[in-house]
Protein chains: 2
Amino acid sequence: MAQAPISRRVTLRDIAERAGVSVSAVSMALSDHARIGEQTKREIRAVAQELGYVTNSAARALRAQRTGTLALVVPNTGQHVFNHPYFMHLLDGVNEVVNEVDGTLLISTNPDERHGVAAYERILRSRAADGAIIASAAADDPGVLRLLDSGVPVVLVGHYPRIPDAVAIGVADVDGGRAATDHLVGHGATRIATITGPHNHQTSIDRLEGFTRSLHAAGLEPVGIAEGDFGEESGRAATAALLDEHSDMQAIFVANDEMAYGALLELRARGLDVPGDVRLVGYDDFGVSRLTTPALSTVTVPAVDVGRRAARRLLDLIDRNVPEPRTETLPVSLTTRASCGC
Amino acid sequence: MAQAPISRRVTLRDIAERAGVSVSAVSMALSDHARIGEQTKREIRAVAQELGYVTNSAARALRAQRTGTLALVVPNTGQHVFNHPYFMHLLDGVNEVVNEVDGTLLISTNPDERHGVAAYERILRSRAADGAIIASAAADDPGVLRLLDSGVPVVLVGHYPRIPDAVAIGVADVDGGRAATDHLVGHGATRIATITGPHNHQTSIDRLEGFTRSLHAAGLEPVGIAEGDFGEESGRAATAALLDEHSDMQAIFVANDEMAYGALLELRARGLDVPGDVRLVGYDDFGVSRLTTPALSTVTVPAVDVGRRAARRLLDLIDRNVPEPRTETLPVSLTTRASCGC
DNA sequence: TTGAAAGCGTTACCAT
DNA sequence: ATGGTAACGCTTTCAA
């Protein structure tokens, strides 16, 4: 049990004593306050440098009532709802902004509900972060509502029609579903099915809405609608179910790429060619889609940009600037590869 | 600029006044200290509950000289050295342990070098975290050495022969390289090449070492050794170069799956069949390998477990328990799919 | 131009 | 069994 040789921490007082000035002079010098003489500042900074001074963040936070930390909250990670690649991209974007403002980034996931009070509630109310970005919460998560009520600065990622006054940043999922389906129609398909995500996620609802609108505009009816959970296996199972009931199906719009990959496996297992027998369009474009054979046509979601914007809005909120309009919706774009028949 | 109705924060003092006791009584009651009467405790807790009290983490950290926060540091994220899936898995494992101990997790990446002092140095020295897990640092990163010197609790992820007294947790990359190559040899290949990662990463060095040892044990010589950067494009380029020089090559051991995917593309572009003409084994098994056609045989790295163990060791270190031995090496396993010819 | 002191919310020690 | 108080390191107001 050798005691690690922890370097004694250097405080403002140490610098003050060494430089022969007061603690407050040091504080002001280091924050470049105007009232300290240039010469004195230089000396103080030299001493600070020499001693290797670094601000103690707890003390600063306590005094300033602000931590300089943003929290990125991901409910239900363990359940693999909305899976990894999406989160990574979001994280990239958030992190970029946090670094720009020299802040720190705290990650909170809620693997299961065993903690009664959700982990993110604890974090925010303990003031460990100045605010939070909440990613991919279920549309009806009560924890989210409580958090919003408590007045803590919160930015939601996604589209929450039932919480209209929340600050949220989402993507145009209705448009995306519509564009994907339009494209399938454009290829001449008339018997088109869809595999959706879980119905308690607004994302699923919106993508389905786009699908339905597209078909109606074309005077078509959906051949089948199957629900998945955004995981590969569920996509495979949904495809099997659709195929069993509608052997004449010509195309499927799948609400994310993981499930589309499952669909690909099932179609291949049945000896059906993609896109020869069945055309496929997925959704997300987080890497998986590039790798499959055939490569998936998909709707590209600008997740990194979502992260960036969410972080910027959160910083605004923390500064008590409520952005108007409160919700922002980023456009998506269709990326055609091989699976649609292009 | 409507002022958000921030709920006034509740402090110990508020509870004390309301309950008609002292602040210290409240503090002790809430931490279940033995000196407070059961009845008093109950009353105090009731008031705390009613007022919605939550400990202020800055104040607690300042007082206790401990934050309850672990930092996960990823140098060079922006440069795509060691890319996303690996990091995600590590994060999963670390997060799991952090949740177990009711801690918080702070993420720090260093997108570029513009901050002179690396972001992670700032974070640790400011005592924003009690310690750090450093993932995938270059073997010679000076920031890492400075951090270790400064006595901050640090666990390195990987294998660092040049820093023997550091606490580190790695995987058996030499074994992995050897197992992969042995397997290729077992398939009857004699003209075998390898594509390595960047030579300043110990991981690359170790995987190559395993490759070389395997060949020597079999009485073979490497047909070619090309260096990549762990990215898909570099794998493709390396494969092209190898193919140009050694058209009789029968197999390639590729040091990660992303590069192996690049190799697959190049081989396909030249009309060569995998595994018919060239056998391929990759490394990592973070998802990509399942999706390619043919599916990649690869060395499975237990990244989630690495994250878990790194976090546990870091907690030990913070408690001043230096684990012995200081370095731990987790075994890897070969996962055979189609690309090797199985 | 600079110094002294108060206070941010906790915890722990010394009294009572 | 409980209350008062000092201290953690910092920022800022008030004096000088």
Side-chain angles (χ1 to χ4, degrees), chain A residues 6-45 47-48 51-69 122-130, chain B residues 6-45 47-48 51-69 122-130:
Chain A
I6 294 288
S7 59
R8 220 189 70 66
R9 47 197 168 282
V10 180
T11 72
L12 288 186
R13 213 176 108 177
D14 298 322
I15 300 175
E17 280 171 8
R18 187 83 116 90
V21 295
S22 75
V23 173
S24 45
V26 176
S27 173
M28 302 185 116
L30 293 181
S31 53
D32 206 20
H33 203 103
R35 307 173 196 202
I36 305 291
E38 271 312 319
Q39 177 56 21
T40 320
K41 269 187 195 168
R42 247 191 304 277
E43 284 172 26
I44 291 178
R45 288 199 192 118
V47 175
L51 264 43
Y53 171 79
V54 179
T55 300
N56 178 308
S57 46
R60 189 204 287 274
L62 179 57
R63 173 68 222 214
Q65 302 287 30
R66 169 176 290 216
T67 60
T69 298
R122 237 185 49 233
I123 285 176
L124 281 181
R125 310 236 334 199
S126 75
R127 253 75 194 179
D130 297 330
Chain B
I6 293 288
S7 57
R8 216 186 74 64
R9 46 198 167 280
V10 180
T11 72
L12 289 185
R13 215 176 107 176
D14 299 322
I15 301 176
E17 281 171 9
R18 188 84 117 88
V21 294
S22 75
V23 175
S24 45
V26 177
S27 173
M28 302 186 114
L30 293 181
S31 53
D32 207 21
H33 202 104
R35 309 172 195 204
I36 305 293
E38 272 310 319
Q39 176 57 21
T40 320
K41 269 187 197 169
R42 247 190 304 279
E43 286 171 24
I44 290 178
R45 289 203 193 114
V47 176
L51 264 42
Y53 171 80
V54 178
T55 299
N56 178 308
S57 46
R60 189 203 283 275
L62 178 58
R63 173 68 223 205
Q65 303 288 28
R66 170 176 292 217
T67 60
T69 298
R122 237 186 48 234
I123 285 176
L124 281 181
R125 311 238 334 200
S126 74
R127 252 74 194 180
D130 296 331

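Numbered from 1 within each chain, the chains take letters A, B, ... in sequence-line order.
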Can you tell me how far [atom2] of [N] sits from [atom1] of [X], to the nearest Å?
{"X": "B:Glu43", "N": "D:dA1", "atom1": "CD", "atom2": "P", "value": "16 Å"}
{"X": "A:Ile44", "N": "C:dT1", "atom1": "CD1", "atom2": "C1'", "value": "11 Å"}
{"X": "A:Arg35", "N": "D:dT11", "atom1": "CZ", "atom2": "C1'", "value": "12 Å"}
{"X": "B:Met28", "N": "D:dT2", "atom1": "CE", "atom2": "P", "value": "11 Å"}
{"X": "A:Asn56", "N": "C:dC8", "atom1": "CG", "atom2": "P", "value": "18 Å"}
{"X": "B:His33", "N": "D:dG3", "atom1": "NE2", "atom2": "C1'", "value": "14 Å"}
{"X": "A:Arg66", "N": "D:dT11", "atom1": "CZ", "atom2": "P", "value": "14 Å"}
{"X": "B:Leu30", "N": "C:dT11", "atom1": "CG", "atom2": "P", "value": "8 Å"}

Looking only at the side chain of [X] (C-beta and beyond, no hydrogens), which of the listed nucleotides [options] gets closest?
{"X": "B:Gln65", "options": "D:dC8, D:dT2, C:dT11", "result": "D:dC8"}
{"X": "A:Leu12", "options": "C:dG3, D:dC10, C:dT2", "result": "D:dC10"}
{"X": "B:Leu62", "options": "D:dG3, D:dG9, C:dC8", "result": "D:dG9"}

If the cut-off is 4.0 Å, is [X] near the phosphate of [N], judged by side-chain N/O to OP1 or OP2?
{"X": "B:Ser27", "N": "C:dT11", "answer": "yes"}
{"X": "B:Arg9", "N": "C:dG9", "answer": "yes"}
{"X": "A:Thr40", "N": "C:dT2", "answer": "yes"}
{"X": "A:Thr11", "N": "D:dG9", "answer": "no"}

* Of B:Ala59 and B:Gly37, whose closest DNA chain D nucleotide lies nearer the 5' terminus? -> B:Gly37
* Asked: Which pair of non-hydrogen atoms, one from A:Thr67 and one from A:Ala128, has the smallest distance, and what is that distance?
  -> OG1-O, 3.6 Å
Close side-chain approach of [X] to [Y], heavy-atom, < 4.5 Å:
{"X": "B:Thr69", "Y": "B:Asp130", "value": "no"}
{"X": "A:Arg9", "Y": "B:Gln65", "value": "yes"}
{"X": "B:Val21", "Y": "B:Val26", "value": "yes"}

* Side-chain donor or acceptor of B:Arg63 under 3.5 Å from a matching atom on the base of C:dA12? -> no
* Ignoring hydrogens and angles, are the base of D:dG4 and the side chain of B:Ser22 linked by a donor-acceptor pair under 3.5 Å? -> no
* For A:Arg60, which contact category applies under a 4.0 Å heavy-atom criterion: base, sugar-phosphate, or nothing? -> sugar-phosphate
* Touch check for B:Val21, heavy atoms < 4.0 angstrom, all strands: base, sugar-phosphate only, or nothing? -> sugar-phosphate
* **Under the side chain to side chain donor-acceptor pair (under 3.5 Å) test, residues paired with A:Ser126 that sit two or more places apart** => none
